[in-house]
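Take a look at the structure below.
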Amino acid sequence: MDVRAGDDGRVLFTCRTGCSQDAVLAALQFDKHDLFPRKKGVSGAQPGGQRCNTADFPSNCGEDRGDSEREGLTLKQYAEAKRLDPDFLKTLGLQDVQYFGAQALEIPYYGVDGSTAAIRYRLCIKKGAGGDERFRWRKGDKPSLYGLEKLGEIRDVGSVTLCEGESDTQTLWSNGCPALGIPGAAIWREEWDAFLEEIPRITLAVDGDAAGEKLVARLSRSGFSDRLRLVRLNGFKDPSDLHCRNPEGFRSAWNAAMESSVPVEPIAEKPQTQSTDDETFNRLAMLTDVEYDRVRESEAEKLGVRRPTLDDEVRKRRPRSDDKGPGTAILFPELEPWTQPFNAAEWLNAVRAEINRYLALPPNAAEALALWVLHTHALDAFGISPRLGITSPEKQCGKTTTLQVLEPMVRRGLSASNITSAAVFRTQEKWQPTLLIDEADTFLKDNEELRGILNSGHTRNGRVIRTTGETHEPTVFRTWGAAAIALIGSLPETLEDRSIVIPMRRRRPGESVKRWRINYAAGLVDYARSADWWAETHMVTLRESDPELPDGLSDRARDNWRPLIAIADLAGGDWPDLARAAAISLTPGEESSRGVVLLADLRAIFHRLGWPENALTSELVAELTAPEDSRWKEIGRSQKPLTAVGLARRLREFDVKPDQWKADGKNARGYRRAAFEEAWDRYLPPDSSDPVGTLGLPNDDMALRRNPVGAEQIEVPSEDLDNMPESEGSPEVPTQDPPTEEDSDTLPWL
């Protein structure tokens, strides 16, 4: 085994036989703490001897070790950072969990009766540069005192220490000291006073920062202030810090600090004047986004307001800018956790009613919109986020109103009447909002880059790569996120394929809706709050869902509707049926691309010509362009007939190329039937030579065409087709009588 001292005072060892770290330490009678530097003049534990009682760890114990700010936090890392026994922590209910895909530590808060009152997740050890990102409460849970299950024991002892956070409380418990934890210096509820009524001696141990001093002042005016004493840990941040730096000597040091505690004198509340608040808000409004982010939390605590309230006041005072200025920062309000009972089916009913109150929509559209709103909150559960296309043939059909009604209810709604491709991927990377894009007909159709980025955000792994900074470092930007796009006309083909389209129309005379006002949005925010809670609560169930989808949907349509139908199935009530009806109603019949139409037309021509082995290019072009109503008579920007070169260019996409052969001793150029067969098999239905209408000619391989529901199977001889005049339509197909109401139970499409 190799052993050497590191440059920073650590002990480095390597076992050449593959022994584990724990095995080597046990053999040397060391533990992990002996591997770290100690105070000058203090010796470490020697083999066979006693461990030194004053082992030195940095004053920010745990903040430079075991920190998983980006990668998550485990129970083992937390125990090592706080120098607590992992088994002891497990007895308190702490356990490793996954929190939105990241490793986290679950810390249960119990009530007086021992039942779980709340769950708090710890994501990392230390605060980040942008603020305190260490903790998250489970949605719907209210902050509580930590350790209320021990309140009976505390009352028997007659003494308790109030400290900040769980780790200080756990440290005191592990050393046999009664304690209750306050989940944060800025959090104290007046109703918590009742828990301390029967306890004669109450000691307060808080951090010596501004927030801690504010808590001291707040409790000095409480109902138990006459029994309250303050303990100062000179040179130490808190009880956990004292324990980390001197575990063996903690109890004696703590007892000495308790003996030196002093009564807390009442501290008068500082008056807050409107002018002082205004000065603070104005000062913060002049900061840059980065500067404001750094002080946002502390300034909110000083003012005694919630961070969203501070954001609103600062936003009001930010200078407005013209196109040459920096613009206005995007700030999303923090939603208060939802604590009311929640029924998803009733929620969907209510959202549908709100939508119908302000909008005149086609059938099933309100149901689709309500489900799509809930899907924006459950985005992390799915791999597909269908675009929402809101289209109309003309202006004044309600597209903008639709976006305005949806914005307060969706997750982080962000509306824009124009947006660049760079703004899309940078916005999605930073905030992952729900984009609500209006007036898209004015800038989207001629912007291929923007269309591609909006297309890529349809799937969870959507991303773009750009170079950034002075070194042009390649950087990945995520494009995944929900988006609604409103425009006059139709969406670009590839974007429409990824969308659930709501075709808006002007209201008929007599169709009455309530006129939308911007100030109505505030009344819809509770839908977002409750949807956020529901989505997080059911995230695992939604991730594992695999709903049965209606027949007749294309693969892409099935992808688009799967998240919405999964949500409807979980919501229950009438919504499973409503969602499937909306999917069928709002999914248009699958239209083939122009290239597939060309393949179908050519197959019909080969059939009409008797399936020859070869066909001249001139012959095929003439057949394609001859009929008066042929779609190939006026194509492209020039609106001229299809040419031989144009035919070759279009067929090249399907790997169909022209060829040469000898005919009557002369060179002939055209296409071999065998060259088409693979493309026909791949892109055309096997039971139809022309699924999209082709040339409008009568002889379109009707013998292979799919029969309509209720039609008898008939054989149409090819010679009859060949002899039909071109001016007539398709052969008449005898059908059964229309189904009656009595037959409805047996109809195959119901």
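Values below: all heavy atoms of this structure, side chains included; hydrogens, waters and symmetry mates excluded. When a residue number appears, it is its place in the shown sequence, counting from 1.
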Exam field: side chain R306 to backbone P308, donor-acceptor pair closer than 3.5 Å: no

With T479 via side-chain contact (heavy atoms from CB on, under 4.5 Å) - residues at least two apart: F425, I453, S456, V464

Using a 3.5 Å distance criterion without hydrogens, assess whether the side chain of S260 forms a donor-acceptor pair with backbone atoms of A256. yes

Side chain to side chain contact (heavy atoms under 4.5 Å, CB included) for E153 and V157? Distances and angles first, verdict last. CA-CA 6 Å; E153 302 172 18; V157 174; 5.6 Å; no

Taking the basic N atoms (NZ, or NE/NH1/NH2) and the acidic carboxylate oxygens, is any pair closer than 4.0 Å for E301 and K214? no

Using side chain to side chain donor-acceptor pair (under 3.5 Å) as the criterion, list what pairs up with R543, not counting sequence neighbours. none

Could you pull out all donor-acceptor pairs under 3.5 Å where a side-chain atom in residues 562-569 meets a protein atom, sequence neighbours excluded?
residue: R562; atom: NH1; partner: D559; partner atom: OD1; Å: 3.4
residue: D569; atom: OD1; partner: R580; partner atom: NH1; Å: 2.9
residue: D569; atom: OD1; partner: R580; partner atom: NH2; Å: 3.4
residue: D569; atom: OD2; partner: R580; partner atom: NH2; Å: 3.0

Between the side chain of N175 and the main-chain N/O of T171, is any donor-acceptor distance below 3.5 Å? yes

Taking only residues two or more places apart in sequence or in another chain, which ones pass side-chain contact (heavy atoms from CB on, under 4.5 Å) with D87? D85, K90

Mind checking what makes ring-ring contact (aromatic ring centres under 6.0 Å, His included) contact with Y146, not counting sequence neighbours? Y109, W173

Sequence-distant partners of T537, side-chain contact (heavy atoms from CB on, under 4.5 Å), two or more places apart: W533

Begin with the C-alpha distance, continue with both residues' side-chain angles, and end with the deciding distance and a verdict on side chain to side chain contact (heavy atoms under 4.5 Å, CB included) for L219 and S225. CA-CA 6 Å; L219 296 185; S225 60; over 6 Å; no

If we count only N and O atoms by modelled type, under 3.5 Å, do the side chains of T468 and T475 hold a donor and an acceptor together? yes

Can you spot which of S174, S240, P247 makes a side-chain contact (heavy atoms from CB on, under 4.5 Å) with R83? P247

Please check this pair: side chain of Q77 against backbone of T74, looking for a donor-acceptor N/O pair closer than 3.5 Å. yes

Not counting sequence neighbours, which residues clear ring-ring contact (aromatic ring centres under 6.0 Å, His included) with Y121? List them please. Y99

How would you list all residue pairs meeting ring-ring contact (aromatic ring centres under 6.0 Å, His included) that involve residues 229-248, not counting sequence neighbours? H243-F250

Is a side-chain donor or acceptor of D96 paired with a backbone partner of L75 at a separation under 3.5 angstrom? yes

Step by step, work out the side chain to side chain contact (heavy atoms under 4.5 Å, CB included) result for E166 and L94. CA-CA 11 Å; E166 302 90 7; L94 277 69; over 6 Å; no

Taking NZ, NE, NH1 and NH2 as the nitrogens, is one of them in R245 or D241 under 4.0 Å from a carboxylate oxygen of the other? yes

Taking atom types as modelled, find out whether S530 and W347 have a side-chain donor-acceptor pair closer than 3.5 angstrom. yes

Look only at the side chain of R294 and the backbone of Y292, and say whether a donor-acceptor pair between them is shorter than 3.5 Å. no

Give every donor-acceptor pair under 3.5 Å between a side-chain atom in residues 179-206 and any protein atom, sequence neighbours left out.
residue: W188; atom: NE1; partner: D193; partner atom: OD1; Å: 3.0
residue: R201; atom: NH2; partner: S261; partner atom: OG; Å: 3.4

CE on M258 to CG on L233, rounded to 0.5 Å: 10.0 Å

Quick one: salt bridge (charged side-chain N to carboxylate O under 4.0 Å, His left out) pairs with a partner in residues 105-118, sequence neighbours left out? none

Within the structure provided, determine whether L348 and L371 are in side-chain contact (heavy-atom separation under 4.5 Å). yes

Between R296 and D293 (salt bridge meaning N to carboxylate O under 4.0 Å), is one present in this structure? no

Applying side-chain contact (heavy atoms from CB on, under 4.5 Å), can you list everything that pairs with R411, at least two apart in sequence or on another chain? T376, H377, Q432, T434

Partner set under ring-ring contact (aromatic ring centres under 6.0 Å, His included) for H375, not counting sequence neighbours: W372

If you measure from the Lys or Arg side-chain nitrogens to the Asp or Glu carboxylate oxygens, is any gap between D532 and R529 under 4.0 Å? no

Under 3.5 Å donor-acceptor, R478 side chain and R426 backbone: no

Report the C-alpha distance between Y78 and Q170 in whole Å, list the side-chain angles of each, state the deciding distance to 0.1 Å, and finish with yes or no for side chain to side chain donor-acceptor pair (under 3.5 Å). CA-CA 12 Å; Y78 177 79; Q170 294 155 1; 2.7 Å; yes

